[in-house]
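Reading through the structure tokens given below for one structure.
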There are 2 protein chains.
Amino acid sequence: MEEHLQEIYKKLHDRDYKITPQRRVILKAFLNNAREHLSAEEVYNIVKDQYPDIGLATVYRTLDLLVDLDVLQRINFGDGRARYELGHRDEHHHHHLICVNCGRVEEFDHDLLEFLELLVTEKTGFRITDHQLKFYGYCRRCRETPQEAE
Amino acid sequence: MEEHLQEIYKKLHDRDYKITPQRRVILKAFLNNAREHLSAEEVYNIVKDQYPDIGLATVYRTLDLLVDLDVLQRINFGDGRARYELGHRDEHHHHHLICVNCGRVEEFDHDLLEFLELLVTEKTGFRITDHQLKFYGYCRRCRETPQEAE
DNA sequence: CTTCCTGCAAAACATTTGCAGACTT
DNA sequence: AAGTCTGCAAATGTTTTGCAGGAAG
């Protein structure tokens, strides 16, 4: 994790972006909440503890930058705001299981979509660089206690 | 298509929703643009020709209703607005190919994701009701004329 | 007739932007 | 010192909502 951080700093440095305390705390928020899917506002709230003067606009600008640098991935779960997660550096893809009842998002690792990419390219001429797969349904918890919703 | 429309009217009627001229023209906009991915504003513009007094709020409310009734599906291609398409009544799934250069969205039909759904359910206890798969990359047109972007 | 629907205008949100000052390098 | 980065506030763009009148069943 510490090495991941250094790696990202290097990426910033290589492209002549400055390493500011604001960018540092935002990055740390993601490293400390690795398997969360944070929204801009959530990042803002986490980060305000360590850096109370930070502005929400800075958070948005930093998130955009990190998406540009492929450090973060932007995802939309249909709840009206963008969410962000640390990018898959390796080619290991994971997919999202979105509970339509409680809204919780789980993850599921699986690499076996490459064959489909090949098929798509062959049939359409579309050169694929990434994919995003979401499953909608009912998570185990909601199946067991159907009354709960959040 | 005419039968599809009747089917939808029946669905509205069965749930005690009224069949208003506004709802009719909105539905027709989708039937006449079957393989488009219309945004609320696009629907509004199409529909204003036939029903000039319609309000944008009505379009939004109708789209919400139709999504609720599973007539439409809401999709987000990351362009800052929700888009809608006629739902897959049958189980025939199609996926979206989103060009990261020009923004065009193509479709690709493929049913072979069921095995993955079974795997997910088995491993996580998540009961899947739907899935959404998006591929990002470069469409054939952009590969052939790389300068173009819209 | 009763209840649901609609149009309008205003409100609510998430996100972006202009700008002057502050900070990284 | 030079140029980038930031916080603030205002602007933007999409979607939602309150309300009083209007229409569908």
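As the structure is a prediction and not an experimental result, all values here were calculated from the model. Just so we're on the same page: letters track the sequence lines, and every chain starts at 1.
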For this session: Determine to 10° how strongly the helix from C:dC1-D:dG25 to C:dT25-D:dA1 is bent, judged from the axes of its five-pair ends.
Result: 40°
For this session: Round to a whole Å and report the spacing from CD1 of A:Ile26 to C1' of D:dG7.
Result: 13 Å
All N/O donor-acceptor pairs, side-chain side in residues 47-57 of chain A, below 3.5 Å, sequence neighbours left out:
| unit_1 | atom_1 | unit_2 | atom_2 | d |
| --- | --- | --- | --- | --- |
| A:Tyr51 | OH | A:Gln22 | NE2 | 3.3 |

Problem set entry | Salt bridge B:Glu41-B:Arg81, side-chain N to carboxylate O under 4.0 Å | no
Exercise. Given that A:Thr58 and B:Gly80 both sit by DNA chain D, which one's nearest nucleotide is further toward the 5' end?
Worked result: A:Thr58
Tabulate protein N/O versus nucleotide N/O from nucleotides 20-25 of chain D, keeping only pairs under 3.5 Å, one per line.
| unit_1 | atom_1 | unit_2 | atom_2 | d |
| --- | --- | --- | --- | --- |
| D:dA24 | N3 | B:Lys18 | NZ | 3.2 |
| D:dG25 | OP1 | B:Ile19 | N | 3.1 |

Seminar exercise, completed: In whole angstroms, the gap separating P of D:dT6 from CG of A:Asp64 amounts to 12 Å
Seminar exercise, completed: Separation of C:dA14 atom P from A:Glu42 atom CD, nearest Å, is 11 Å
Exercise. Out of D:dT14, D:dG7, C:dT15, which has the shortest distance to the side chain of A:Leu56?
Worked result: C:dT15
Exercise. Separation of A:Glu41 atom CD from C:dC13 atom C1', in whole Å?
Worked result: 10 Å
Problem set entry | side chain to side chain donor-acceptor pair (under 3.5 Å) against A:Asn76, all qualifying residues, sequence neighbours excluded | none
Name the pairs: protein N/O against N/O of nucleotides 8-11 of chain C, kept only if under 3.5 Å.
none

Problem set entry | B:Leu65: side chain to side chain contact (heavy atoms under 4.5 Å, CB included) partners, not counting sequence neighbours | B:Leu12, B:Tyr17, B:Arg23, B:Leu69
Problem set entry | Spacing of B:Leu66 atom CG relative to D:dT15 atom P, expressed in whole Å | 15 Å
Exercise. Residues two or more places apart in sequence or in another chain: which of them pass salt bridge (charged side-chain N to carboxylate O under 4.0 Å, His left out) with B:Arg83?
Worked result: B:Glu42, B:Asp79
Exercise. Within the pair B:Tyr60 and D:dT15, is there a side-chain N or O less than 4.0 Å away from OP1 or OP2?
Worked result: yes
Exercise. Taking atom P of D:dT14 as reference, at what distance in whole Å does atom CG of A:Asp79 sit?
Worked result: 19 Å
For this session: Could you pull out all residues at least two apart from B:Glu117 that satisfy side chain to side chain donor-acceptor pair (under 3.5 Å)?
Result: B:His131
Seminar exercise, completed: Between CG of B:Leu63 and C1' of D:dT16 the distance, given in whole Å, is 13 Å
Exercise. Quick one: side chain to side chain donor-acceptor pair (under 3.5 Å) partners of A:Lys123, sequence neighbours excluded?
Worked result: none
Exercise. Excluding sequence neighbours, so at least two apart, what forms ring-ring contact (aromatic ring centres under 6.0 Å, His included) with A:His96?
Worked result: A:His37, A:Phe77, A:His94
For this session: May I have all residue pairs that pass salt bridge (Lys or Arg N to Asp or Glu O under 4.0 Å) and include part of residues 57-66 of chain B, sequence neighbours excluded?
Result: B:Asp64-B:Arg74
Exercise. Under the side chain to side chain donor-acceptor pair (under 3.5 Å) test, which residues partner A:Gln132, sequence neighbours left out?
Worked result: none
